[in-house]
Amino acid sequence: NDRMTLAFLAEFSRGKTELINAMFFSDFKQRLLPSNIGRTTMCPTEIFHDAAEGPYLRLLPIETRGRQETVSALKRQHVEWIKIKLNIDSREEMTAAMKLLVEVKTVGIDEARALGLWDEDDPAMAAAVRQDGQKVEIPAWRHALISYPHPLLKNGMVVLDTPGLNALGTEPELTLSMIPNAHAVLFLLAIDTGVTKSDLEVWQKYVQPAATRRIAVLNKIDLMWDDLKSDADIALDVERQLAQTADVLSLPRTHVMAISAQKALLARVRGDDAMLAKSGIEQLE
């Protein structure tokens with residue numbers, strides 16, 4: 001009955017959701033969780049197996065942020081959640097259900113401010129403002145729960161998918177209880193950029209003080225694959241980036257690894273064992 005929580009953390013566009021797709025949902029032979037270039041709006045999502053019920057998606061409306069109740073307390077109040085039964089035998093129905101995770105709604109700026117989702121000092125907020133200047137796009141959901149019968153999840157693993165720096169700042173429960181109570185934090189970076197300033201901010205503010213077991217994953221190693229370089233030279237470049245990342249994050253070198261989540265997912269969709277091995281995901285699993 002034991003559970004082990006693995007929290008996935010990253011800045012935007014590091015391939016975190018793609019990695020979860022490759023690890024848990026590749027049986028659908030397509031990209032299941034929404035994963036787009038840029039700043040994808042997604043509510044914090046817990047993925048686990050609920051043996052008492054069939055597969056489902058539960059969504060907590062964003063309006064509950066206006067009350068003084070925590071997500072943990074609201075989990076015991078099923079009436080507050082929108083529940084969708086998942087048909088795991090239909091790729092189309094599963095894809096349609098998962099698209100709900102990135103739903104947004106348009107509200108007045110005052111309402112967004114009251115919900116703690118508007119910050120005049122955040123330049124990224126300007127992109128969410130509608131043309132009339134009085135309304136803004138906000139996430140439709142505060143939290144999501146996905147029950148899915150993957151073997152790892154059946155054995156007790158719980159995945160906490162966090163949607164980036166902005167959500168970490170606006171949902172205090174993530175940083176006060178969920179991440180500190182996770183058994184391990186998997187922190188994603190991009191191998192071509194290494195540890196950026198924003199990556200380091202997330203690491204120092206949310207990961208180092210809270211997580212006892214920390215693993216850094218440099219994603220997108222396929223960007224290093226170069227037909228004009230030998231395999232040995234490529235391996236040397238990757239190792240150099242891994243060592244530098246370990247040094248910047250003050251991690252043991254064994255806690256830093258390189259993968260390609262996109263190539264891992266593609267390999268599993270195609271049944272390509274050679275590409276799967278090259279993607280590096282097996283060392284993580």
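Connectivity analysis of hydrophobic side chains (ILVMFWY, heavy atoms under 4.5 Å, direct or indirect) links Val79 to nothing; its cluster partners are none. Through direct or indirect side-chain contacts shorter than 4.5 Å among Ile, Leu, Val, Met, Phe, Trp and Tyr, Leu223 is connected to no other residue.
Checking side-chain atoms of Asn219 against main-chain N and O of Ala261 turns up a donor-acceptor pair under 3.5 Å. A distance-only check finds a donor-acceptor pair linking the side chain of Trp81 to the backbone of Leu74 [under 3.5 Å].
Scanning both residues, Leu117 and Pro139, for their nearest heavy atoms gives CD1-CD, 4.4 Å. Of all the heavy atoms in Gln208 and Leu249, the pair that sits closest is NE2-O, 3.7 Å.
For the salt bridge (Lys or Arg N to Asp or Glu O under 4.0 Å) condition, the pairs that include at least one residue of residues 242-253, sequence neighbours left out, are Glu239-Arg253. Within the structure, salt bridge (Lys or Arg N to Asp or Glu O under 4.0 Å) pairs that include any residue of residues 87-99 do not occur (at least two apart or interchain). Listed by first then second residue, pairs satisfying ring pair (Phe, Tyr, Trp, His ring centres under 6.0 Å) with a partner in residues 180-200 read Phe187-Trp203, not counting sequence neighbours. Legend: salt bridge (Lys or Arg N to Asp or Glu O under 4.0 Å) pairs involving residues 68-81, not counting sequence neighbours, sorted by first then second residue: Glu46-Lys75, Arg67-Glu69, Arg67-Glu80. A side-chain hydrogen bond (donor to acceptor under 3.5 Å, both in side chains) check over residues 47-61, counting only residues at least two apart or in different chains, returns the pairs Asp50-Tyr56, Glu53-Arg58, Glu53-Lys83, Tyr56-Arg58.
With respect to Lys105 and Glu111, no salt bridge is recorded, no charged nitrogen being found less than 4.0 Å from a carboxylate O.
Qualifying side-chain contact (heavy atoms from CB on, under 4.5 Å) partners for Ala190, counting only residues two or more places apart in sequence or in other chains: Arg14, Asp192, Thr193, Lys220. Shown here are the side-chain contact (heavy atoms from CB on, under 4.5 Å) partners of Arg113, two or more places apart in sequence or in another chain: Ile109, Asp110, Trp118, Glu120. For Ala210, the side-chain contact (heavy atoms from CB on, under 4.5 Å) partners two or more places apart in sequence, or in a different chain, are Ile179, Pro180. Scanning for side-chain contact (heavy atoms from CB on, under 4.5 Å) contacts around Ser26 gives Leu265, Arg268, with sequence neighbours left out. The ring-ring contact (aromatic ring centres under 6.0 Å, His included) check on Phe25 picks up Tyr148, with sequence neighbours excluded.
With 3.5 Å as the limit, one finds no donor-acceptor pair spanning the side chains of Thr70 and Ser72. Ser260 and Asp222 are linked by a side-chain donor-acceptor pair at a separation below 3.5 angstrom, with hydrogens and angles left out of the test.
Contact check for Met157 versus Thr5: no side-chain heavy atoms found under the 4.5 Å cut-off. Taking 4.5 Å as the limit, some side-chain heavy atom of Pro44 sits within range of a side-chain heavy atom of His143.
The hydrophobic cluster containing Ile47 also contains Leu86, counting ILVMFWY residues as joined when their side-chain heavy atoms lie under 4.5 angstrom apart, directly or transitively.
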What verdict does the side chain to side chain contact (heavy atoms under 4.5 Å, CB included) test give for Ile259 and Gln283, after you've listed the backbone C-alpha separation in whole Å, the side-chain angles of each residue and the deciding distance to 0.1 Å? CA-CA 9 Å; Ile259 67 163; Gln283 64 177 323; 4.1 Å; yes
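Distance CD1/Ile88 to CG/Leu32: 11.5 Å, rounded to 0.5 Å.
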